[in-house]
Amino acid sequence: MTAKAHLLVVEDEAPIRAGLLDLFVFHGYEVTAAADGLEGLRLASTRRFDLILLDLMLPGMDGFEICDRVREQDPAQPIIMLTARTGDQDIIEGLRLGADDYVSKPFSVTELVLRVQAVLRRSRGVRPQSLRLGDLALDLDGLSGQRGEARMALTRREADLLAYLAGQCARAVSREELLHKVWGYARNAGLETRTVDIHIAKLRRKIEPDPSHPRFLLTVRGAGYRLDLPDDDG
Ligand code: CA
């Protein structure tokens, strides 16, 4: 069973916001709506959404800046920008900031739904929304974990790191690849790979029953890290 994709709609014009909400709920999505930029940014930093539909012209903080801030936290966050502007310069600016697609207002609802589906298909890939590691249940979208009565919080980076490794089917992933795919740095940026080691050590203290003898998040000598997911039939 696939969980419903969860969209965040950031749009200040009430009739358009209500229309988008109805449209995507009708198409089987879970939808959260924000009426201004700051509220949108606040929501985007409390949990991970499968996709953000982001209006460009917003009170408080415009779509470009929100896109920029969201990308700082999560380079892989899918975003579709809704824009009334058609100037080429704006489109170039938006692409620089990394929106995945654009839809110009007034838009055709059919086209918008198709664009959303296309971006979700490209981005969802194999990213899991939850993981089970022994007796630990992790909610990667909700940034939390639970073992028995004990609850824990994950940072967005930790959740992204686990999600990326979980999608690699126990392949060892290099520190450079993790910096590129999870942190969003350009390849060959010559960055300090120790950043990855520090995050892995911190994550092991959260998820491993015995962090000095990891069972799940393993170091592979000369190769990097891999995540071993135990079989479910234990
Ligand atoms: Ca607007």
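Values reported hereafter were calculated over all heavy atoms of this structure, with side chains retained and with hydrogens, waters and symmetry mates removed. Here the structure is a predicted model, which means the values were calculated and not measured.
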Between [atom1] of [X] and [atom2] of [Y], what distance do you get to the nearest 0.5 Å?
{"X": "R147", "Y": "D135", "atom1": "CZ", "atom2": "CG", "value": "5.0 Å"}
{"X": "L53", "Y": "L8", "atom1": "CG", "atom2": "CG", "value": "8.5 Å"}
{"X": "F64", "Y": "L54", "atom1": "CZ", "atom2": "CG", "value": "9.5 Å"}

Do D197 and R194 come close enough that some side-chain heavy atom pair is under 4.5 Å?
-> yes
Do E158 and I207 come close enough that some side-chain heavy atom pair is under 4.5 Å?
-> no
Hey, mind stepping through L138 and S130 against side-chain contact (heavy atoms from CB on, under 4.5 Å) and telling me if it holds?
-> CA-CA 5 Å; L138 292 167; S130 59; over 6 Å; no
Heavy-atom pair with the smallest gap, counting every atom of [X] and [Y]:
{"X": "E39", "Y": "A34", "answer": "CG-CB, 3.7 Å"}
{"X": "V220", "Y": "A172", "answer": "CG2-CB, 3.8 Å"}
{"X": "G224", "Y": "R175", "answer": "CA-NH1, 3.9 Å"}
{"X": "L43", "Y": "T46", "answer": "O-OG1, 2.8 Å"}

Between the side chain of E208 and the main-chain N/O of R215, is any donor-acceptor distance below 3.5 Å?
-> yes
Under 3.5 Å: donor-acceptor pair, side chain of R204, backbone of P211 | no
Check each of L114, L82, T83 against V103 using the side-chain contact (heavy atoms from CB on, under 4.5 Å) test, and report the only one that passes.
-> L82
Between the side chains of [X] and [Y], is a donor N or O closer than 3.5 angstrom to an acceptor N or O?
{"X": "Y29", "Y": "D50", "value": "no"}
{"X": "S212", "Y": "D210", "value": "yes"}
{"X": "S144", "Y": "R47", "value": "no"}

side-chain contact (heavy atoms from CB on, under 4.5 Å) between Q77 and R48, intermediate numbers included = CA-CA 8 Å; Q77 171 67 60; R48 188 177 192 282; 4.2 Å; yes
Does K181 pair with E176 as a salt bridge, N-O distance under 4.0 Å?
-> no
Start with the C-alpha gap between M81 and D55, add the side-chain angles, then the distance that decides, and say whether side-chain contact (heavy atoms from CB on, under 4.5 Å) holds.
-> CA-CA 6 Å; M81 200 85 96; D55 185 28; over 6 Å; no
Report the C-alpha distance between V9 and I52 in whole Å, list the side-chain angles of each, state the deciding distance to 0.1 Å, and finish with yes or no for side-chain contact (heavy atoms from CB on, under 4.5 Å).
-> CA-CA 6 Å; V9 171; I52 301 177; over 6 Å; no
